[in-house]
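Report on the following structure.
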Amino acid sequence: MYLAVVRHGETIRNIVGLVQGDTESMLSERGKAQAREVKEKLKNQTFDIVFSSPLSRAYQTAEIIMDEEIPIIIDERLNERDYGDFEGYTREEFDYVDYWNFDYNLKENHGESVQHLCMRVDDFLREIKEKYKDQKVLVVTHSGVARAIYYCIHGIPDDGDMSIVDIPNCTIMEYHI
């Protein structure tokens with residue numbers, strides 16, 4: 001299976017550096033332009049199926065990329081991680097590295113643990129690998145979910161630090177799984 005994972009375009013909250021988690025935030029004009037750039041980069045790809053997070057910033061990015069070519073399937077497992085008490089903070093206002101450590105973060109801030117995020121992402125990956133094993137799949141989601149996909153495929157680092165992989169807006173990550 002060929003899997004392309006795209007992080008949504010820039011949002012208003014991205015501009016000011018706020019963690020948005022599962023809070024709604026609309027694409028900025030630059031975010032819409034980034035999505036059009038991804039569309040151009042993927043113009044020679046023909047996807048069999050497209051999945052998106054239910055959050056509007058991801059879904060709108062998917063709509064721009066696909067331009068009604070095929071229906072976009074919403075999957076709740078692609079929703080961004082719930083940052084709990086840290087929603088709306090900047091990365092500097094809490095221990096971001098520990099928050100993204102698989103061995104440390106156990107949901108002490110009323111948000112979603114890294115372990116739970118990885119479990120739901122792994123569940124999604126197992127399902128699509130089984131159902132669409134010989135197909136081309138596009139997933140439009142968030143940095144946290146894209147990071148979890150990366151680590152579900154490549155393995156959690158020995159030190160548990162999942163903050164190392166940085167995924168800017170509208171990054172395309174490609175996998176053959």
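Quantities reported herein were computed from a predicted structural model and do not represent experimental measurements.
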Quick one: closest heavy-atom pair of [X] and [Y], and the distance?
| X | Y | answer |
| --- | --- | --- |
| Tyr99 | Asp82 | OH-O, 3.3 Å |
| Asp75 | Pro54 | O-CD, 3.6 Å |
| Arg147 | Ser163 | NH2-O, 4.2 Å |

Can you confirm if the NZ or CZ of Arg77 lies within 45° of the ring axis of Phe51 and under 6.0 Å from the centre of its six-membered ring?
no
Looking at Trp100, is Arg81 sitting on its ring face, NZ or CZ under 6.0 Å from the six-membered ring centre and within 45 degrees of the normal?
yes
Looking at residues at least two apart in the chain, or sitting in another chain, which of them share a side chain to side chain contact (heavy atoms under 4.5 Å, CB included) with Met119?
His116
With sequence neighbours excluded, residues passing side chain to side chain contact (heavy atoms under 4.5 Å, CB included) with Glu174:
Tyr2, Gln45, Ile172
Could you tell me whether Arg36 and Glu40 make a salt bridge, using a distance below 4.0 angstrom between a side-chain N and a carboxylate O?
no
Pair Arg30 + Glu10, salt bridge at N-O below 4.0 Å
yes
hydrophobic_cluster_shared for [Y] and [X], side chain cutoff 4.5 Å:
| X | Y | answer |
| --- | --- | --- |
| Tyr151 | Tyr83 | yes |
| Val6 | Ile128 | no |
| Ile153 | Ile156 | yes |
| Tyr132 | Val50 | no |
| Ile149 | Tyr59 | no |

More than 12 heavy atoms of other residues, nucleotides or ligands under 6.0 Å from OH of Tyr89: is that the case?
no
With a cut-off of 6.0 Å (strictly less than), are more than 12 heavy atoms of other residues, nucleotides or ligands near CG of Asp158?
no
Listed by chain and number, what are the side chain to side chain donor-acceptor pair (under 3.5 Å) partners of Glu29, not counting sequence neighbours?
Lys32
Do the side chains of Thr11 and Gln20 get nearer than 4.5 Å, heavy atoms only?
yes
Student check: side-chain heavy atoms of Val19 and Thr90 closer than 4.5 Å:
no
Modelled atom types, side-chain donor and acceptor of Ser53 and Glu80, under 3.5 Å
no
Between His8 and Thr141: side-chain donor-acceptor atoms closer than 3.5 Å
no
So CG of Asp122 and CD of Gln115: to nearest 0.5 Å the spacing works out to 13.5 Å
For the atom pair CE (Met26) and CG (Leu55), what is the distance rounded to the nearest 0.5 Å?
11.0 Å
If we ignore hydrogens and angles and just use 3.5 Å, is the side chain of [X] paired with the main-chain N or O of [Y] as donor and acceptor?
| X | Y | result |
| --- | --- | --- |
| Thr171 | Ile167 | no |
| Thr61 | Gly9 | yes |
| Glu24 | Ser56 | yes |
| Gln135 | Phe47 | no |

